[in-house]
Every structure is written in structure tokens, then in C-alpha cells.
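Keep in mind that this is a model prediction, so the values were computed, not measured. Both ligands and their constituent atoms are indexed starting at 1 by order of listing.
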Amino acid sequence: MNIDIITIFPDMVGAILGESIMKRAAESGQVNFRVVNLRDFTHDTHRTTDDRPYGGGPGMVMKPEPIFEAVESLRGDNTTVILTTPQGERFSQPAAGELTGHSHLVFICGHYEGVDERVREALVDREFSIGDYVLTNGVLPAAVIADAVVRLIPGVLGGEGATDEESFGEGLLEYPHYTRPPEFRGMKVPEVLSSGDHGRIARWRREQAEARTRERRPDLWERYDRLRRDGRE
Ligand SMILES: C[S@@+](CC[C@H](N)C(=O)[O-])C[C@H]1O[C@@H](n2cnc3c(N)ncnc32)[C@H](O)[C@@H]1O
């Protein structure tokens, strides 16, 4: 998979995607990250990427010309252009899974008040928000989305099954995890986990995952419970 990130803060991206599992995925050729400096597509001495908003008001708006040039220089036959924006579709685990089926993602990272609307109208295939809050620029959202997508590419996490049971995979939050020691400051690991009885362990984990989801995320629980009931009918 090819992932291009267009930003005026190229150094921010390297710091995030140049470590740990993302770094390994890039080194092994499972993903190819390219960080594109938007200022390389400007033609004035100040390398201007923003301007005042028409109609007045506070802040600055990112100009369309460099963004169009940058995207057009990167776009191939199978490119999906993603705009990071608090106004987009809420990014989710199912969306991450769906994006793994795309071979080339280009992220546009906004800054200031956001990007000129003509970018959205003419260039963008998908718009994603990473949550109902406003960040200063789109690098973190692009990196969040890229990380969630790349770790789902088969082989990136090593153990192929590692993502099967985790939170949101089946519409539930994941069960709790424990490791050694068996007792720490008076807190014991649940007995069932060292019983060696795989059936009991699986049942316990399922019950924990369901209880957690019911308690912490009634929205997820309602959907899961409805699907489960429909499945039984
Ligand atoms: C300060 S924000 C602009 C917010 C915009 N004025 C609005 O009210 O919708 C600057 C940039 O950060 C990114 N951004 C901020 N919050 C985001 C979020 N929750 N999800 C995705 N991108 C976000 C976008 O790229 C956005 O263009």
C-alpha cells in the first residue's frame, strides 16, 4: 500500500510514522509512506499556502492551487484522496478495515481554518474526522488513520490473528488482559485464566467483553445486542 501525506509540517509526520510497527511495516515494504511538503507546490518567494477568507472573519484558509498541484502530481489510477476534517465521517474500525482494500491513499492535512471548499468539491474522495474535537492541524488525524489502517494489513503485526478479537472487531470492547506475576500487591489474576481450560477461558472472555461493552459503551452494546437477537431469529 502507498500512503502519501500532504502537509506543511513534514517533520511532524516522520516523528510519528517513523517508529515501532509503522517503521517496520515500511522497512519490510508492506507500506510505502511519502511525506509531501505542500510548500514545494507554491511558486512565490514566501511559499504561501494560505490566504484571508472571502467574506471576512478570523483566521486563514489554505489556498487551493498548491493542494491541487500536489494531489495531481501524486494521483494514479487507484488513488483515494482523503481530507482530514472535523466535519467528515467519523473514523472507525470498520472504516480502517475498508481502507486496507485501497492501494493508494493520499491524505490532505488542513491547518488554520481549514482548506478552500473547492478542494473538497473537486479533489476529495473521502472526508474523515477522528472525533468531535478540533485539533490545530491534520497531521495527527492523518497519522491516526494511517496507523489504524496499516496495522490491519495482513503480516504487519506478525501474528495474523492479533487483530481478530480486539476492541470493535466484533462490535464489542475487548476483554481484560493479565500477565505475570499471578499476584501483585494483593491483586490476583482471575483463576480461570491459568486453568488451562480453553473453553472456560473463551467463555469468561466473552462474558467480560459483553459486560464491559454494556457498561461503558451502551451505543455499541445496543447494536451488538440487536444483531445478536436478529441472528437468533
Ligand atoms: C483548526 S482545524 C479547522 C477547523 C474548521 N475551522 C472547522 O471548524 O471545521 C485545522 C485542521 O485540522 C484538522 N483537524 C482538526 N480537528 C480534526 C478532527 N477532529 N478530525 C480530523 N481532522 C481534524 C483538519 O485538517 C483541519 O482542516
Side-chain angles (χ1 to χ4, degrees), residues 1-19 22 31 33-42 46-75 79-102 104-152 167-168 216-217 219-220:
M1 173 181 275
N2 290 304
I3 298 185
D4 299 333
I5 299 181
I6 303 172
T7 172
I8 53 172
F9 302 113
D11 294 344
M12 264 183 91
V13 185
I16 304 168
L17 296 177
E19 294 288 339
M22 294 302 115
V31 61
F33 292 117
R34 260 187 312 188
V35 184
V36 178
N37 188 346
L38 185 62
R39 294 198 194 281
D40 292 344
F41 296 88
T42 58
H46 297 295
R47 309 183 86 198
T48 311
T49 54
D50 61 294
D51 207 337
R52 291 190 306 275
Y54 272 113
M60 299 294 269
V61 176
M62 293 184 76
K63 291 165 66 58
E65 309 94 307
I67 301 180
F68 270 73
E69 276 194 40
V71 169
E72 282 161 2
S73 77
L74 300 167
R75 203 184 335 234
T79 301
T80 304
V81 179
I82 297 173
L83 178 66
T84 55
T85 163
Q87 302 177 20
E89 168 190 344
R90 180 85 68 88
F91 186 64
S92 62
Q93 193 66 14
E98 191 238 305
L99 290 179
T100 58
H102 296 233
H104 183 200
L105 304 178
V106 172
F107 287 92
I108 301 172
C109 304
H111 187 44
Y112 314 111
E113 287 304 315
V115 304
D116 185 289
E117 187 67 6
R118 288 162 291 189
V119 167
R120 198 186 63 71
E121 283 168 5
L123 280 185
V124 168
D125 300 306
R126 304 286 292 268
E127 296 174 60
F128 280 116
S129 162
I130 61 162
D132 289 346
Y133 41 81
V134 178
L135 299 164
T136 55
N137 74 78
V139 169
L140 287 173
V144 164
I145 297 169
D147 184 299
V149 172
V150 169
R151 70 189 287 286
L152 292 180
S167 295
F168 314 113
R216 298 178 187 199
R217 291 291 303 272
D219 56 324
L220 289 180

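Contact annotation: the side chain of Phe107 never approaches that of Val139 to less than 4.5 Å [non-hydrogen atoms, C-beta and beyond]. Side-chain contact between Thr136 and Phe9 is absent, with no heavy-atom pair separated by less than 4.5 Å.
For residues 80-97, every residue pair satisfying the salt bridge (charged side-chain N to carboxylate O under 4.0 Å, His left out) rule, not counting sequence neighbours, is listed here: Glu89-Arg126, Arg90-Asp132.
Within 4.0 Å of ligand 1, contacts by protein heavy atoms are made from Thr84, Thr85, Pro86, Gln87, Gly110, His111, Tyr112, Glu113, Gly114, Phe128, Ser129, Ile130, Gly131, Tyr133, Val134, Leu135, Thr136, Asn137, Gly138, Pro141.
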Name each donor-acceptor pair under 3.5 Å that joins a side chain in residues 33-41 to protein atoms two or more places apart or in another chain, with its distance.
| from | atom 1 | to | atom 2 | distance (Å) |
| --- | --- | --- | --- | --- |
| Arg34 | NE | Asp4 | OD1 | 2.9 |
| Arg34 | NH2 | Asp4 | OD1 | 3.4 |
| Arg34 | NH2 | Asp4 | OD2 | 2.9 |
| Asn37 | OD1 | Arg39 | N | 3.0 |
| Arg39 | NH1 | Arg47 | O | 2.8 |
| Arg39 | NH1 | Thr49 | OG1 | 3.4 |
| Asp40 | OD1 | Arg47 | NH2 | 2.6 |

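Every residue meeting the side-chain contact (heavy atoms from CB on, under 4.5 Å) condition with Ser92, not counting sequence neighbours, appears here in chain and number order: Pro94, Ala95.
Of the possible polar contacts, none joining the Thr100 side chain to the Val150 backbone as a donor-acceptor pair under 3.5 Å is found.
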